[in-house]
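Keep in mind that what you see is a predicted model, and the values were worked out from it rather than measured.
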Amino acid sequence: MSESIGILGSGLIGRSWAMLFAGAGYKVRLFDIEPKQVESALKEIASQINELEKTKLLRGSKSAKEQIALISGASSLQECVAGALLVQECTPEVLEIKLKALRDLDAVVQSPTIISSSTSTHMPSVLSKDLRNKERFIVSHPVNPPYYVKLVELVPAPYTESWVPIKVRSIMEEVGQVPVSLKKEVPGFSLNRIQYAILNEAWRQVEDGVLDVADVDKVMSEGLGPRYAFLGALETAHLNAEGMLNYCDRYAPTINSVSHSMGPIPLMQGETAKSVHEQLCESIPIEKLQERRQWRDTCLTKLSILKKEVEALPQTGLKKK
């Protein structure tokens, strides 16, 4: 494959994108305003790719050596974006920084290169409304860590040309990610809106004295989480009755009634915030957070292996398309 991808930003997300695109055979050019950051990122990427090959977790059909050879640093933004199919912006999640980076990118990018942002919080129209190339702008929001958690939210601005989300979805599928295509922009996109709904209710249950922090988290890790690792909320409901209509007939009044009892959205500050923090620190002290993150990522790695094995099984019960 001769097409290239530009990566703007050499942090964790930028490095992850570089590895994913190289795994699919794309030439990747990595740029950062700090050249030393690029040098460090290239070393870290090479180390990770080699380790992934050793543990048989390397994605893509190319060897570690071949993938590493596809990733290079760019000495300028112009070099990074020249002739690129897509440029993935991965700068820090600070609006002023992203707006500056996108203005700089907009000044040098040429049609038909797609401008894609990794933002998790900023609306596409806010980021791109003043860009000269705004019709080719889209948000491609990954989930941490992208190499093991494959979901990517694709969010167009109101003026994004219709071919752009289709093309980016095709690219994401090609590199082995699982894209979901939002038909319009909404605050929080999809993943965070669902995540916030769960977090708000977990918070309310602690605040109202229903469960403590450890037990309310078990409701997810030992209850909803295991099946949600393989099934979505709507398919879960579909299977829990004789189809979705039957589920609605059985449970819609109860769901509606319980939902109205949930109370206002919590601000997540004050005494409850202190209490939740203290309970969490009893089991995971601040100085142990990185160690716990590594454990989390190991678990996600193991889960991704299992999901890959499951995906190879016959998908019984699905209507053939």
Next on the checklist: Check the orientation of His141 and Phe189. Use parallel for under 30°, tilted for 30 to 60°, and perpendicular for over 60°.
Outcome noted: tilted

Checklist entry - Checking Thr113 side chain against Val109 main chain: does a donor-acceptor pair fall under 3.5 Å? => result no

Item to check | Side chain to side chain, Asn133 and Arg136, heavy atoms closer than 4.5 Å | outcome: yes

Checklist entry - Once you round to the nearest 0.5 Å, how far does CG of Leu95 lie from NE2 of His122? => result 5.0 Å

Checklist entry - To the nearest 0.5 Å, how far apart are OH in Tyr159 and NZ in Lys129? => result 8.0 Å

Next on the checklist: Is it the case that atom CD in Glu66 sees more than 12 heavy atoms from other parts of the structure closer than 6.0 Å?
Outcome noted: yes

Checklist entry - Is any side-chain heavy atom of Ile138 less than 4.5 Å from a side-chain heavy atom of Pro165? => result yes

Next on the checklist: With a 4.5 Å cut-off on side-chain heavy atoms, are Lys167 and Ile114 touching?
Outcome noted: yes

Checklist entry - Could you give the distance from CD (Glu39) to OG (Ser10), rounded to the nearest 0.5 Å? => result 10.5 Å

Checklist entry - Would you say the side chain of Ser63 lies within less than 4.5 Å of the side chain of Glu53, judging by non-hydrogen atoms? => result yes

Item to check | Ionic contact status for Glu44 with Arg15, cut-off 4.0 Å | outcome: no

Next on the checklist: Is there a continuous path of hydrophobic side-chain contacts, each under 4.5 Å between heavy atoms, that joins Val219 to Leu231?
Outcome noted: no

Item to check | Passing option when Val155 is tested against Val180, Leu182, Thr119 for side-chain contact (heavy atoms from CB on, under 4.5 Å) | outcome: Leu182

Checklist entry - Do you know the tightest heavy-atom contact between Cys248 and Pro253? => result O-CD, 4.1 Å

Item to check | side-chain hydrogen bond (donor to acceptor under 3.5 Å, both in side chains) assessment of Glu89 paired with Ser116 | outcome: CA-CA 6 Å; Glu89 174 271 315; Ser116 176; over 6 Å; no

Checklist entry - Looking at Asp106 and Arg103, does any basic side-chain N land under 4.0 Å from a carboxylate oxygen? => result no

Checklist entry - For Ile171 and Leu86, what are the C-alpha separation, side-chain angles and deciding distance, and is it a side-chain contact (heavy atoms from CB on, under 4.5 Å)? => result CA-CA 9 Å; Ile171 294 170; Leu86 175 146; 4.2 Å; yes

Item to check | Side-chain heavy atoms of Val149 within contact of Pro145, under 4.5 Å | outcome: yes

Next on the checklist: Do Val139 and Ile194 land in one hydrophobic cluster if side-chain heavy atoms of ILVMFWY residues count as linked below 4.5 Å?
Outcome noted: no

Next on the checklist: Show the nearest heavy-atom pair for residues Val164 and Glu135, with the distance to one decimal.
Outcome noted: CG2-O, 3.9 Å

Item to check | Ion pair Lys274/Glu271, N-O distance below 4.0 Å | outcome: yes

Checklist entry - Looking at side-chain heavy atoms only, is the closest gap between Ile5 and Val87 below 4.5 Å? => result no

Next on the checklist: With rounding to the nearest 0.5 angstrom, report the NZ to CD distance, Lys307 to Glu309.
Outcome noted: 12.5 Å

Item to check | Pair Arg59-Gln67, side-chain donor/acceptor within less than 3.5 Å | outcome: no

Checklist outcome for this item: For Ser118 and Ile13 the tightest heavy-atom approach is OG-CG2, 3.8 Å

Checklist entry - Around atom CD1 of Ile265, are there more than 12 heavy atoms of other residues, nucleotides or ligands at under 6.0 Å? => result no

Checklist entry - Is any NZ, NE, NH1 or NH2 atom of the basic residue among Glu173 and Arg169 found under 4.0 Å from an Asp or Glu carboxylate oxygen of the other? => result yes

Item to check | Reported OG-to-CZ distance for the pair Ser117 and Phe137, which is rounded to 0.5 angstrom | outcome: 4.5 Å

Checklist entry - Salt bridge between Glu291 and Lys288, side-chain N to carboxylate O under 4.0 Å? => result yes

Next on the checklist: Glu185 vs Ser125, test: side-chain hydrogen bond (donor to acceptor under 3.5 Å, both in side chains). Steps then yes/no.
Outcome noted: CA-CA 8 Å; Glu185 61 175 14; Ser125 59; 2.6 Å; yes

Item to check | Which atom of Arg29 lies closest to which atom of Ala74, heavy atoms considered | outcome: CB-CB, 4.4 Å

Checklist entry - Rounded to the nearest 0.5 Å, what separation is found between the CG atom of Asp32 and the NZ atom of Lys36? => result 13.0 Å

Next on the checklist: Applying side-chain contact (heavy atoms from CB on, under 4.5 Å) to Leu199 and Met268, what does each step give before you reach the verdict?
Outcome noted: CA-CA 10 Å; Leu199 189 56; Met268 300 180 71; 3.7 Å; yes

Checklist entry - Checking salt bridge (charged side-chain N to carboxylate O under 4.0 Å, His left out) for the pair Arg204/Glu207: CA distance, chi angles, key distance, verdict? => result CA-CA 5 Å; Arg204 278 190 292 256; Glu207 192 166 57; over 6 Å; no

Item to check | Heavy-atom donor-acceptor pair, Arg193 side chain to Pro187 backbone, under 3.5 Å | outcome: yes

Checklist entry - For Glu51 and Ser47, what are the C-alpha separation, side-chain angles and deciding distance, and is it a side-chain hydrogen bond (donor to acceptor under 3.5 Å, both in side chains)? => result CA-CA 6 Å; Glu51 184 61 29; Ser47 175; over 6 Å; no

Item to check | Single-linkage hydrophobic cluster, 4.5 Å side-chain cutoff, Val210 and Trp203 together | outcome: yes

Checklist entry - For Gln78 and Val108, which heavy atoms make the closest approach, and how far apart are they? => result CG-CG1, 3.6 Å

Item to check | Flag if over 12 foreign heavy atoms under 6.0 Å of CG, Leu280 | outcome: yes

Checklist entry - Going by heavy atoms in the side chains, are Leu306 and Phe230 under 4.5 Å from each other? => result yes

Next on the checklist: Please give me the minimum heavy-atom distance between Ala18 and Ile45, naming the atom from each residue.
Outcome noted: CB-CD1, 4.0 Å

Next on the checklist: With clusters defined by side-chain heavy atoms of hydrophobic residues (ILVMFWY) lying less than 4.5 Å apart, directly or transitively, does Tyr147 cluster with Ile305?
Outcome noted: yes

Next on the checklist: Tell me whether Glu311 is salt-bridged to Lys308, with the criterion being a basic N under 4.0 Å from an acidic carboxylate O.
Outcome noted: no

Item to check | CG (Leu245) with more than 12 external heavy atoms under 6.0 Å | outcome: no

Checklist entry - Does a side-chain heavy-atom distance below 4.5 Å link Ile115 with Ser128? => result no

Checklist entry - Do Val168 and Trp163 share a hydrophobic cluster, counting only Ile, Leu, Val, Met, Phe, Trp and Tyr and linking them when any side-chain heavy atoms are less than 4.5 Å apart? => result yes

Checklist entry - So, the side chain of Ser275 versus the backbone of Thr272: is there a donor-acceptor pair under 3.5 Å, distance only? => result no

Checklist entry - Should Asp104 and Lys100 count as an ion pair when the cut-off is N to O under 4.0 Å? => result yes

Checklist outcome for this item: Only one of Leu211, Val276, Asp212 passes side-chain contact (heavy atoms from CB on, under 4.5 Å) with Val206, and that residue is Val276

Checklist entry - NE2 of His238: more than 12 outside heavy atoms within 6.0 angstrom? => result no

Next on the checklist: Under the criterion side-chain contact (heavy atoms from CB on, under 4.5 Å), I'd like the reasoning laid out for Gln48 against Leu58: C-alpha separation, chi angles, the key distance, then a yes or no.
Outcome noted: CA-CA 9 Å; Gln48 287 190 44; Leu58 186 65; over 6 Å; no

Next on the checklist: Let's go through Ile255 and Ser259 carefully: what are the C-alpha distance in whole Å and the side-chain angles of both, what is the deciding distance for side-chain contact (heavy atoms from CB on, under 4.5 Å) to 0.1 Å, and is it a yes or a no?
Outcome noted: CA-CA 6 Å; Ile255 293 170; Ser259 297; 4.0 Å; yes

Item to check | Distance-only side-chain donor-acceptor flag, Asn192 / Gln195, under 3.5 Å | outcome: yes

